[in-house]
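Below, chains carry the letters A, B, ... as their sequence lines are ordered, and counting in each starts from 1.
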Amino acid sequence: MPNGDTTMPELPESETIRRQLEAAVVGARITGVTVNLPRTVRVHSRPDEFIAVVKGRRIERIDRRGKALIFTLPGPKTPVTLIIRLGMSGVLLVRERGAPRDDYDHVVFALDDGRELRFLDVRQLGEAAAWPTGDWSQIPDLAKYGPEPLGEELTLEYLTDLLSRRSTRLKAVLMDQESIAGIGNIYGDEICFEARVNPERPANSLTRPERERLLAAIPAVLRKAIEHCGTSREDETYTDIYGNLGEFQNMLAVYGREGEPCRVCGTPIKRSVWQNRSLHYCPKCQPRRRMTPKKKATRASAAKK
DNA sequence: AGTTGGACCTGACTGC
DNA sequence: TGCAGTCAGGTCCAAC
């Protein structure tokens, strides 16, 4: 159960929630809104009037952009776009009205069919923002995002241009929502492993073959995680809208596996800390520096002996 | 402008 | 037992 637990929603977790919400609440009307923690809601740039803007509207569709969930609420005049960012510990739950209150239920949307959509968030880093437009390009929160990693905009050309302009660590670029939308700390590490590139490498140092591997690894890792309904960790538990756990945590290659053997070569996984974030990689599969031809030959001859 | 580190926030955990 | 310190990380912001 999500009470007291926390979350790490990145794109696969958000997409899992989106698919469930699409089946569960699209078509329902929001008959009432209870805001228990005002800092969680926002209209435009103001923290007030949220209830007035959202109440009475029907949920027409639910989309996702990066990690954000986007509810389209049409109206007689202008549609409203409701954006829910789960932050790091946010959970959306669908409950029957009258079910016991959940801890940290900062915003509760009452639906006309007798259910409630509850937005829980222990660490209060999530947010629900309402915008009085249906045009995403008018919404700064959405307009700033980089291309969707599962879309056609993420091409080798885009990735090459992006990486060539950045001297910071590859991991930082992958996690930069304005560069590519939806990747966080867990999948950043997993993608780098899948591509066999060290996450601490300067982004502009990647070779073309490495960029090609990265381009393939990004959707491959994210799609696989979506298939397994996202990642729930023992102590940092993400759940879907019914309180169920994901399954991808059992398939993680490097994240959270410090000291455990690499699933490919058996070398202990290394963890380092950078910018208050942990970073995991296999030192053998993802060498920090590309080996020079001479060093490669030396190592190869040493391996023969 | 790009990069970096701190702050926000709370619960779980560790060590004294 | 209690308390201080640390860690987790999505996102924003200040500083270099």
J.: Can a donor-acceptor pair be found, under 3.5 Å and without considering hydrogens, that links the side chain of Gln177(A) to the backbone of Gly66(A)?
T.: no
J.: Taking CD from Glu178(A) and P from dC12(C), how many angstroms apart are they, rounded to a whole number?
T.: 8 Å
J.: So do the side chains of Ile17(A) and Leu86(A) get within less than 4.5 Å of each other, counting heavy atoms only?
T.: yes
J.: Under the salt bridge (charged side-chain N to carboxylate O under 4.0 Å, His left out) rule, what pairs show up with a residue in residues 212-230 of chain A, not counting sequence neighbours?
T.: Arg208(A)-Glu212(A)
J.: Find which nucleotide of DNA chain B each of Arg169(A) and Arg277(A) is nearest to by heavy atoms, and output the residue with the more 5' nucleotide.
T.: Arg169(A)
J.: At less than 4.0 Å, is any side-chain N or O atom of Ser167(A) found next to OP1 or OP2 of dG2(B)? Yes or no.
T.: no
J.: Quick one: on DNA chain C, does Ser278(A) or Asp141(A) contact a more 5' nucleotide (nearest heavy atom)?
T.: Ser278(A)
J.: May I ask you to list the residues sharing a hydrophobic cluster with Met175(A), side-chain cutoff 4.5 Å, ordered by chain and number?
T.: none
J.: Within the pair Arg123(A) and dG10(C), is there a side-chain N or O less than 4.0 Å away from OP1 or OP2?
T.: no
J.: For Arg165(A) and dT3(B), is the shortest distance between a side-chain N/O and OP1 or OP2 below 4.0 Å?
T.: no
J.: dT10(B) P sits how many Å from Leu125(A) CG, rounded?
T.: 9 Å
J.: Ignoring backbone atoms, test whether Ser89(A) places a side-chain nitrogen or oxygen under 4.0 Å from the OP1 or OP2 oxygen of dC9(B).
T.: no
J.: Does Lys144(A) make a side-chain N or O approach to OP1 or OP2 of dT11(C) shorter than 4.0 Å?
T.: no
J.: Rounded off to whole Å, could you give me the CZ-to-P distance for the Arg85(A) and dC12(C) pair?
T.: 5 Å
J.: Of Trp274(A) and Arg39(A), whose nearest nucleotide on DNA chain B comes first from the 5' end?
T.: Trp274(A)
